[in-house]
Amino acid sequence: MNILIINAGSSSLKYQLMDPDTGVVSAKGLCERIGIDGRLNHKVGDNKIVKDIPMPTHSEAIAATLAILVDEVDGVIKSTDEIDAVGHRVLHGGMEFFDSCIINDDVITAIKKCIPLGPLHNPANLMGIEACQKVMPTTPQVAVFDTAFHMTMPPKAYRYAIPTEYYKNDSIRRYGFHGTSHKYVARRTAELVGKKEFKMVNCHLGNGSSMSAVKDGKCQDTTMGLTPLAGVPMGTRSGDIDAAVVQFLCNKYGYSVDECLNILNKKSGVLALSENLSSDFRDLENGASEGNESAALAREKFCYEVAKYVGAYTAAMNGIDVLTFTAGVGENDGGVRAGVCEYLGYLGVKIDPELNKKRGTELKISTPDSKVEVWVVPTNEELMIAQDTAELVKAAK
Ligand code: ADP
């Protein structure tokens, strides 16, 4: 089976052609500068092709993607008929979507309804969907939502303690993001530990970071909120903060709320804590090892906040069996993993320092006598999208 995975942004569109059973990617690429001029970056194995192709809209980007996939020299399939289905990443499913679904007119209407919750991403995601429908009208299309995995949270986790009218009238609540990654890691971890019923905390630590409490495969709570600004500090996002800070900064410096939110989204996090040294954890590690105190504080604060949430979620689930690390930092940065686990001795967490040195591989890093299994599970959001898409399309036949 061939699934085309599409991740459409406002001026870019990423694609992968994947076999959902094996996870093998036959080709992948990126259309960039959509609406400006247009450039296609295509990759088959180690072979990279870059072509300037006019892309006034997402339709031309999809057309260019399909053309290169069937190209006699650079392509990997003979005809677009060999694409069995398309899986689209969609940011915000609001309260409309609890799972991935086959796209029809009602689904499009519901994704449009969620635009106020994802004003930057949902319109771009819709452009990708509509462009695909136009050029491949008979191929099934599936929407996979970043928020869907978290929809099993109970009200005590997703409701904010603010007047009910904002929840009822405006759907203001915790949604959570990175759901496709959390779902993939939860499923894969169940395979790795060989059981379905267990309590885990997953730490998706990258440039954007979020954590989830998962019991028996279902999300119980997550750190991001109405938007991806909440939770632990991130590369450039502040994470949780007293909302009155916004009022203070606006009053004192004459910022608009949008300007203030821009600071919290783009100029905060470990970038700010490190006195603008970097948002990249590798630079912070180098900085800290050279004696830069701000870089060291940024990493320390990050580990501290992640560990605090592990404690909170352990309390929320009345226990923890497995702790998992994923995404750029979680998979590669042994220092952060060790820094988090240092706080968790009281839970009986023990990691093997030698195993923890490994980078980017699926691996149990806890010692045999650790009370909690600690795993590094590299995420694979594309595989999750391909598998969800394939499952839905097969079930509909
Ligand atoms: P995004 O949220 O953009 O998907 P990623 O999950 O790709 O982010 O994570 C990116 C971050 O991962 C980088 O900013 C970097 O700090 C970190 N990272 C990537 N590789 C390594 C590495 N080898 N060692 C330490 N940190 C790494």
Side-chain angles (χ1 to χ4, degrees), residues 5 7-10 12-14 16 28 30 32 89-91 118 120-121 124 144 146-147 149 176-185 188 202-212 222-224 227-239 264-274 276-290 292 294-303 305-306 324-341 351 353 355-363 365 376-385:
I5 303 150
N7 184 357
S10 56
S12 71
L13 183 149
K14 288 189 204 134
Q16 285 196 9
K28 63 178 176 180
L30 164 74
E32 54 183 347
R89 181 177 188 175
V90 181
L91 178 85
L120 297 178
H121 293 83
V144 178
D146 259 22
T147 49
F149 179 66
F177 297 86
H178 293 140
T180 316
S181 171
H182 287 289
K183 181 173 172 180
Y184 172 81
V185 175
R188 183 69 194 132
N202 182 38
C203 309
H204 174 115
L205 311 178
N207 190 33
S209 294
S210 68
M211 297 169 59
S212 61
T222 190
T223 53
M224 284 179 168
T227 77
L229 180 58
V232 294
M234 310 179 207
T236 64
R237 294 185 208 135
S238 63
L264 297 181
N265 270 306
K266 304 217 168 117
K267 297 181 181 169
S268 299
V270 292
L271 173 71
L273 286 168
S274 69
N276 292 326
L277 176 70
S278 180
S279 60
D280 190 301
F281 279 74
R282 285 164 290 199
D283 297 337
L284 299 178
E285 192 177 14
N286 291 336
S289 67
E290 287 160 11
N292 182 320
S294 307
L297 173 66
R299 285 176 67 87
E300 197 185 335
K301 165 87 175 162
F302 183 75
C303 296
E305 295 295 339
V306 171
T324 46
F325 290 95
T326 194
V329 176
E331 290 166 26
N332 294 298
D333 196 323
V336 164
R337 292 192 298 252
V340 172
C341 290
I351 58 169
L355 292 174
N356 188 42
K357 281 185 187 153
K358 300 232 164 88
R359 288 177 186 273
T361 44
E362 201 169 77
L363 184 72
I365 57 169
V376 176
V377 181
T379 193
N380 194 338
E381 291 166 89
E382 288 77 16
L383 179 59
M384 196 68 256
I385 295 174

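Counting starts at 1 for both ligands and their atoms, following the listed order. Position 1 is the first residue of the sequence; numbering continues from there. Because the structure is a prediction, the values reported are computed rather than measured.
Within the 4.5 Å cutoff, the side chain of H204 has no heavy atoms near those of the M224 side chain. Put simply, the side chain of R188 reaches to within 4.5 Å of the side chain of E362, judged on heavy atoms. You'll find the side chain of T180 reaches within 4.5 Å of the side chain of D146, heavy atoms only.
Remark: E300 pairs with no residue by the salt bridge (Lys or Arg N to Asp or Glu O under 4.0 Å) rule, at least two apart or across chains. Remark: E331 pairs with no residue by the salt bridge (Lys or Arg N to Asp or Glu O under 4.0 Å) rule, at least two apart or across chains. Qualifying salt bridge (Lys or Arg N to Asp or Glu O under 4.0 Å) partners for K357, counting only residues two or more places apart in sequence or in other chains: E354.
If you look at ligand 1, the protein residues with a non-hydrogen atom under 4.0 Å away are G206, N207, G208, D280, F281, R282, A327, G328, V329, N332, D333, R359.
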